[in-house]
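Below is one structure, written out as structure tokens; the observations come after it.
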Amino acid sequence: MTSGKILIVDDEENILISLQGILEDEGYKVKTAGDAETALKILDREEFDVVILDIWLPNMDGLQLFETMKNQKREEEVIFISGHGTIEQAVRATKKGAFDFLEKPLSLEKVVVTVSNAKKQKELIEKEKILSQELRGDVEIIGNSPLMMKLKEQITLSAPSEGRVLIFGENGTGKELVAKKIHQLSKRANAPFIEVNCAAIPSELIESELFGHRKGSFTGAIENKKGKFLLANGGTLFLDEVGDMSLITQAKVLRALEEQTIEPVGGSESIKIDVRVIAATNKDLLSEIKKGNFREDLYYRLKVIEISIPPLRERGEDIILLFDYYLDYFAGKYRKGKKVLDKSAKDALLNYSYPGNVRELKNIAERVIIMHQGDVISKEDLLLQPTEANAGEFDNFTRTLKEAREEFERKYILNVLKKNSGRISKTADELGIERRHLYRKLSSLKIKRRVPDGDD
Ligand SMILES: Nc1ncnc2c1ncn2[C@@H]1O[C@H](COP(=O)(O)OP(=O)(O)OP(=O)(O)O)[C@@H](O)[C@H]1O
Ligand SMILES: [Mg+2]
């Protein structure tokens with residue numbers, strides 16, 4: 001049985017009825033409209049796979065409707081129906097991007113075949129779009145909140161410069177995405193973007209990974225191997241989780257940055273390189289420096305430009321935008337119909353604290369698309385995990401969301417501070433945020449703390 005959604009627009013009642021009949025027999029969901037204006041109203045609310053459009057309609061004709069749909073960048077495939085006298089126009093419309101046309105009197109068999117082909121074509125295009133997006137890593141950075149607008153500005157300003165960039169942000173805030181965007185907008189866009197996850201590679205191997213090695217330089221080095229620095233030559237090297245690099249490796253990376261050369265493990269000659277480094281971390285490197293885990297000189301080399309990505313809970317304006325974006329994205333990927341959020345779902349999403357930030361939100365959207373059958377999503381369908389920050393009881397529902405959130409954060413932070421006798425590091429640790437971030441919170445929530453003896 002086929003599935004798919006079809007809209008038929010024709011002013012002849014009997015054509016609507018007979019087409020609807022055979023297409024429904026084929027398993028399609030079908031809607032009909034008697035004129036272009038009604039069709040536009042339906043298209044405002046719903047997406048279809050295929051629109052079957054009579055050329056001659058009262059008032060606005062089918063060709064005008066087709067133009068309007070194109071201007072709105074709609075993705076339905078359009079099949080025209082033409083009587084004699086309008087075949088010329090139908091041919092022209094096909095040249096302008098309509099899928100095909102059917103001549104009156106209609107052959108029902110031909111209708112079924114053409115609709116099925118149009119539907120296949122649409123699926124192909126969708127699939128291709130997703131593939132090319134994944135290959136190019138070209139996922140948009142979504143968000144209109146003031147914090148995101150500022151971030152986007154920082155990206156645009158820093159990208160064309162050759163300056164090294166250090167990106168801070170909690171897990172899942174989009175550090176890798178930002179790094180890729182900077183590369184894409186830079187002069188190096190056509191050269192490689194190479195990623196190294198410093199936390200995932202065992203320390204014995206990371207040097208060979210970064211700088212390459214010569215055959216026979218250690219057990220297991222059977223062939224010469226190019227390191228990531230060399231692979232990224234002319235392009236960008238993304239040092240992810242740079243805070244997890246060992247001190248020994250840090251010294252070698254520092255040297256590579258200073259001298260613009262690398263030496264493969266077991267090699268004797270050094271190789272000149274031209275690489276822009278972008279590094280990312282979710283650690284507070286300043287406190288790592290204090291603890292002796294991170295080299296201060298490397299830190300300053302890496303952070304010529306510093307970009308800090310705010311956690312999702314601090315940019316509530318972006319939540320629904322991001323969620324809708326990913327609902328559409330996954331609906332396309334899994335070939336499901338469009339789904340919309342009802343008010344309860346929106347409220348729940350806005351109240352959630354997203355410890356895993358955008359990655360977590362994206363996972364929730366993906367799960368809903370896979371698991372939920374209907375078109376409308378409500379709170380229960382989201383299966384949000386209750387987190388500490390969400391578990392508080394709210395008795396007073398007259399405040400704005402922002403006020404309620406601030407009051408909750410205030411209370412919660414005060415409690416944890418009190419428990420830790422006002423010690424910032426410990427409190428920040430327990431809250432799972434960075435110290436700098438906690439200081440900012442305290443001042444924005446106007447919390448004064450009594451400094452205990454011996455605090456940091
Ligand atoms: N502003 C955004 N718009 C759209 N997608 C986003 C945005 N921010 C993050 N994402 C998506 O969320 C996911 C996590 O992002 P990314 O991997 O860049 O985060 P990260 O900070 O590197 O995470 P981690 O610290 O866990 O490595 C990715 O799939 C990314 O595409
Ligand atoms: Mg990452």
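Numbering of ligands and ligand atoms starts at 1, following listing order. All figures in this text were calculated on a predicted structure; none of them were measured in a lab.
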Location of contacts on M148 toward ligand 1, heavy atoms closer than 4.0 Å: side chain
Run the contact test for G172 against ligand 1 with a 4.0 Å cut-off on heavy atoms, strictly below, and give the result. yes
With distance as the sole criterion, is a donor-acceptor pair present between the side chains of T173 and N357 under 3.5 Å? no
Going by heavy-atom distance to atom 13 (C) of ligand 1, choose the closest among R359, E195, K152. R359
Select the closest option to atom 3 (N) of ligand 1 among N171, I142, N197, judged by heavy-atom distance. I142
Short N-O contact, E366 and K362, less than 4.0 angstrom: no
Taking distance alone, with no angle check, do G174 and ligand 1 share an N/O pair under 3.5 Å? yes
Within ligand 1, which atoms have a heavy atom of L322 less than 4.0 Å away? 2 (C), 3 (N), 4 (C)
Looking at ligand 1, is there an atom of it that comes within less than 4.0 Å of some heavy atom belonging to Y326? yes
Y325 N/O to ligand 1 N/O under 3.5 Å: no
Return a table of donor-acceptor pairs under 3.5 angstrom between the side chains of residues 340-350 and protein atoms on other chains or two or more places apart.
from: D342; atom 1: OD1; to: S344; atom 2: N; distance (Å): 3.1
from: D342; atom 1: OD1; to: S344; atom 2: OG; distance (Å): 2.8
from: D342; atom 1: OD1; to: A345; atom 2: N; distance (Å): 2.9
from: D342; atom 1: OD2; to: S344; atom 2: OG; distance (Å): 3.4
from: K343; atom 1: NZ; to: D347; atom 2: OD2; distance (Å): 2.8
from: S344; atom 1: OG; to: K379; atom 2: N; distance (Å): 3.0

Salt-bridge present (E176, K180; N to O < 4.0 Å): yes
Within-cut-off N or O pair, E176 and ligand 1, under 3.5 Å: yes
Using a strict 4.0 Å threshold on nitrogen-to-oxygen distance, state whether E288 and K291 make a salt bridge. yes
Just which atoms of ligand 1 are under 4.0 Å from any heavy atom in E140? 3 (N), 4 (C)
Test: R423 and D429 ion pair at under 4.0 Å: no
Plane angle bin for F229 and F211 - parallel if under 30°, tilted between 30 and 60°, otherwise perpendicular: parallel
Show which atoms of ligand 1 fall inside a sub-4.0 Å distance from at least one heavy-atom site of I141. 1 (N), 3 (N)
Can you find an N or O of N282 that's nearer than 3.5 Å to an N or O of ligand 1? no
Classify the ring geometry of Y329 against Y325: parallel below 30°, tilted from 30° to 60°, perpendicular beyond 60°. parallel
For ligand 1, which is the ligand I care about here, please tell me if K175 has any N or O atom under 3.5 Å from one of the ligand's N or O atoms. yes
Is E263 close to R255 at the side-chain level, that is, under 4.5 Å between some pair of heavy atoms? yes
If you take the nearest heavy atom of each of L177, T173, L312, which one is closest to atom 6 (C) of ligand 1? L177
Between R188 (side chain only) and F193 (backbone N and O only), is there a donor and an acceptor less than 3.5 Å apart? no
Proximity of D318 to ligand 1 by residue part, where a heavy atom lies under 4.0 Å: neither
